[in-house]
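Everything quoted here is computed from the prediction, not taken from an experiment.
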Amino acid sequence: MNRKIIVGGAWPYANSSLHLGHLAALISGDVLARYHRLVGDDVIYVSGTDCHGTPITERAKKEKITAKEIAEKYHEEFSEVFKKMDFSYDLYTKTEDEYHKEKVQELFRKIYDNGYIVEKLDKDNYCEKCSKFVADRELKLICPNCGKETKGDQCDCGYVPTKKDLRQAYCVDCGSLTTIKDNKNLYLELPLLQSKIEKYVSENEKRWRKNAQNESNKYLKEGLKERAVTRNLDWGVDIPVEGFEDKKMYVWIDAVLGYLTATMKYCEENNLNWEEWWKNNKITNGKIYMVHGKDNIVFHTLILPGLLLGLDDNMKLPNSIVSTEYLNFNEQKFSKSKGIGMTILEALDKFDTETLRFHLIKNGPESKDANFNIDDYIMTHNEITNKLGNFVNRTLKYKGLTQIPNGTMDNDIEEYIKQKYEEISRNIENIEFRKATLNIIDILDYLNKYYDERKPWVLYKENLTEFNNVIYTCSVSIANMANIIEPFMPKTSKKIRNYLSIRINRWEYIDKLEAIELNNIEPLFERK
């Protein structure tokens, strides 16, 4: 029976351009979605732009335009980036989408009615001159740790100001000293859900990356704390609770429930039942993958499960956490202000999309922080050019060859490729994508060695039957490589299928090729 698969890619924040570190964190989602479609599963791959929150309103003030304009600007840019990188989202939406806002309000209200969202009184910073409560990052103060001026959320030295520190904070907008006032907010009662979340983590963490296991268990050991779900903002999703009309939904609850609302929207538009992917009583066999960087772990392993449990509606919780470490650029952290790094759009002006995808999967921050530099990328590009591009070219464009010859497949090659299908399938389902790319390189090395040892250029003159067998074996191998590389290099896969007139793509061994004409065979890559 086909499995019901949700792949959720983290929702990028609409306050600056995406860089290669974001791409390294998200590329696994597309690998998973493409692979599961190939094996015949029912996949819904969703994400969207996170349009709300204080950083966006701050950027809007700097650029003297509205928060909505900032969000829309970056949403369009992100959509372009993912299209150019061949991310196969079934739906890439945004938190400013009206459908999302309506559905997330319904979900919020249900959690509230179930008693898991409660009212509490806080003492927060208030600016009398601006007549508003001020968020941490809208405050400035002298850091008690380093003595330099800092925003209220975190200093560059790493120090996070306490509530006591913020009593002497000033409003960023007007410069006035703020006062402390009572402020009514709503909180998600995570402590009420701790035992259920602990059980969930214990049952699933073996399928998670180590960083997700460690981070989640650290918070559980400390004891989960109530978490505010409302903010004093004028940009965001309205709170569907009487008495909180002056507040907006905290951005994190808005975004993580987006996986569910995006699924609902996609299913509604395609006459499907979203519950078959998200409710335990509707699912016979399924997976929910959450794909993100390590800075978003607890939002996906503790908070999203807490919200889903708070719905009290038999919801399936994410059972596969795909959390990367950080990608650095030339051994330094990405920093737009310091000019360190490269946006994805800048990279696409310089690099080949397909080999960039492969390089970031093969050399990305899967289990530890990784480094990107251009020389390493060029090595990967040229390796793929030599091992895949040249193998395809010297097989299908062999001098005097006009069609796939009638021949017999080499049994050893056939068994080897079948074995590699199984290995790479295990790699992907175990979220070990680097191992999968290394297996692909192994196959290419094996096939190139076979070609060189058989010396078809000699056989063409001395033994035409054996020449036909070798070229046929290599052609069938190329057809299977198109299947195997599809999750990693989809455009290249499509080119190969077009060369060989392959109309159906499945994750299964292709055992024969027709004697088709070989026309318009162009090099897959150009050496750099």
If the condition is side chain to side chain donor-acceptor pair (under 3.5 Å), which residues does [X] pass it with, not counting sequence neighbours?
| X | result |
| --- | --- |
| Ser216 | Thr301 |
| Glu72 | Lys94 |
| Asn217 | Glu205 |

Notebook entry, point to check: Sequence neighbours excluded, which residues qualify as ring pair (Phe, Tyr, Trp, His ring centres under 6.0 Å) partners of Phe299?
Noted result: none

Margin query: Once ring pair (Phe, Tyr, Trp, His ring centres under 6.0 Å) is applied, do any residues pair with Tyr74, and if so which ones, sequence neighbours excluded?
Written below: none

Once side-chain contact (heavy atoms from CB on, under 4.5 Å) is applied, do any residues pair with [X], and if so which ones, sequence neighbours excluded?
| X | result |
| --- | --- |
| Leu345 | Glu77, Glu80, Val81, Lys84, Thr343 |
| Ser367 | none |
| Lys163 | Asp124 |
| Arg426 | Glu422, Glu423, Asn430 |

Donor-acceptor contacts under 3.5 Å from residues 2-9 side chains, at least two apart:
residue: Asn2; atom: ND2; partner: Gly40; partner atom: O; Å: 3.0
residue: Arg3; atom: NE; partner: Asp41; partner atom: OD1; Å: 3.3
residue: Arg3; atom: NE; partner: Asp41; partner atom: OD2; Å: 3.1
residue: Arg3; atom: NH1; partner: Glu429; partner atom: OE1; Å: 3.0
residue: Arg3; atom: NH1; partner: Glu429; partner atom: OE2; Å: 3.4
residue: Arg3; atom: NH2; partner: Asp41; partner atom: OD2; Å: 2.8
residue: Arg3; atom: NH2; partner: Glu429; partner atom: OE2; Å: 2.9
residue: Lys4; atom: NZ; partner: Asp42; partner atom: OD2; Å: 3.0
residue: Lys4; atom: NZ; partner: Glu276; partner atom: OE1; Å: 3.4

Next item on the list: Scan for side-chain hydrogen bond (donor to acceptor under 3.5 Å, both in side chains) pairs involving residues 252-266, sequence neighbours excluded, and state none if there are none.
Entry: His52-Asp254, Asp97-Lys265, His100-Asp254, His100-Thr261, Tyr259-His300, Thr263-Trp278

Please report, to 0.1 Å, the donor-acceptor pairs under 3.5 Å made by any side chain of residues 303-314, with sequence neighbours excluded.
residue: Asp313; atom: OD1; partner: Lys279; partner atom: NZ; Å: 3.3
residue: Asp313; atom: OD2; partner: Lys110; partner atom: NZ; Å: 3.3
residue: Asp313; atom: OD2; partner: Lys279; partner atom: NZ; Å: 2.7
residue: Asn314; atom: ND2; partner: Asn281; partner atom: OD1; Å: 3.4

